Amino acid sequence: VFGQLEHNLWVSTERETEVVQGVVNIGVGVEYLYADGFVRTALAVGPSILAFDTALDDAGTTGFFFDARPMGLRWAPHKRLVLGLDPVAFSLMAPVLDGIPLINVAYRTCFYVEVML
C-alpha cells in the first residue's frame, strides 16, 4: 500500500495557449513487487482537485482520478531510497463531473523517487 501526491500542469487553450495549474491528485494505491523487488505493477485511485478557474468551473472542484502502471522498474541505491521508471502508465483525471465534465486521459512515462520514512 502506498500514498501518491501529484500536481499536473495543463495547457489551456480556452482564450489563449498557456500553461495553467491543472489538477492535484491525491491517491491511495496498491503495488505488487516481483523479480526481487526490481519490477513493480501498481494501481492508485483518489480525488482529483481542479487547481485553476475555467470558464465554467471554479478552482477546488473535486472529482476522481485513476492511475495504472502495468510494469515498471525500480532501483534501490539505499535502503530508504528507491528510484523508479514506469515506461508505460495510464492516468484518468476527472476533476469536474457535473455539468460539462472535465476529463483528461494521459498515457505517459514516469520517473519517480520514493523515500521510506
Side-chain angles (χ1 to χ4, degrees):
V1 176
F2 64 90
Q4 179 174 335
L5 174 65
E6 62 182 38
H7 180 204
N8 289 301
L9 299 175
W10 287 3
V11 175
S12 173
T13 57
E14 287 179 345
R15 295 180 198 101
E16 59 186 48
T17 302
E18 63 180 330
V19 176
V20 295
Q21 292 299 311
V23 296
V24 174
N25 298 322
I26 305 166
V28 174
V30 294
E31 68 181 359
Y32 179 70
L33 303 176
Y34 46 101
D36 291 328
F38 186 67
V39 182
R40 170 186 185 244
T41 298
L43 296 172
V45 296
S48 181
I49 304 162
L50 189 63
F52 70 105
D53 290 329
T54 70
L56 300 174
D57 305 299
D58 296 326
T61 304
T62 303
F64 73 93
F65 94 100
F66 171 76
D67 186 65
R69 301 178 186 206
M71 184 169 43
L73 304 175
R74 302 172 77 242
W75 298 273
H78 187 272
K79 67 180 181 177
R80 300 177 70 94
L81 178 71
V82 173
L83 304 176
L85 174 65
D86 295 327
V88 177
F90 170 81
S91 292
L92 172 68
M93 295 158 269
V96 178
L97 299 173
D98 58 346
I100 299 173
L102 179 57
I103 299 171
N104 183 319
V105 175
Y107 298 92
R108 55 191 179 178
T109 297
C110 303
F111 175 76
Y112 62 91
V113 176
E114 291 180 10
V115 178
M116 313 307 174
L117 301 176

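In this text, all values refer to a predicted model and were calculated from it rather than measured experimentally.
- Chaining together hydrophobic side chains whose heavy atoms lie under 4.5 Å apart places Phe52 alongside Trp10, Val20, Val23, Leu50, Phe65, Met93, Val96, Leu102.
- Placement of Val45 and Tyr107 within a single hydrophobic cluster is found when ILVMFWY residues are connected by side-chain heavy-atom separations under 4.5 Å, directly or transitively.
- Summarising the geometry, atom CZ belonging to Phe64 is positioned 11.0 Å from atom CG belonging to Asn25; distances are rounded to the nearest 0.5 Å.
- Of the possible donor and acceptor atoms, one in the side chain of Asp53 sits under 3.5 Å from a partner among the backbone N and O of Ala59.
- Leu9 is linked by a side-chain contact (heavy atoms from CB on, under 4.5 Å) to His7, Val19, Gln21, counting only residues two or more places apart in sequence or in another chain.
- Pairs of residues two or more places apart, or lying in two chains, that qualify as salt bridge (Lys or Arg N to Asp or Glu O under 4.0 Å) and include a residue from residues 78-107 are Arg40-Asp86, Arg69-Asp86.
- Following chains of ILVMFWY side-chain contacts shorter than 4.5 Å, one cannot reach Tyr112 starting from Val115, and the two form parts of different hydrophobic clusters.
- Note that the CG atom of Leu85 and the OG1 atom of Thr109 stand 7.0 Å from one another [nearest 0.5 Å].
- Aromatic ring centres of Tyr32 and Tyr34 lie closer together than 6.0 Å.
- One hydrophobic cluster holds both Leu43 and Phe90 under the rule that ILVMFWY side chains link at heavy-atom gaps under 4.5 Å.
- Checked by atom type and distance alone, the side chain of Thr41 pairs as donor or acceptor with a backbone atom of Pro70 at under 3.5 Å.
- Heavy atoms only, all atoms of each residue included: Pro87 and Met71 are closest at CD-O, 3.5 Å.
- Within the model, atoms CG of Leu92 and CZ of Phe66 stand 8.0 Å from one another, a figure rounded to the nearest 0.5 Å.
- With hydrophobic clusters built from ILVMFWY side chains whose heavy atoms lie under 4.5 angstrom apart, Ile103 shares a cluster with Leu97.
- Remark: side-chain polar atoms of Thr62 are paired, donor with acceptor, to backbone N or O of Gly60 under 3.5 angstrom.
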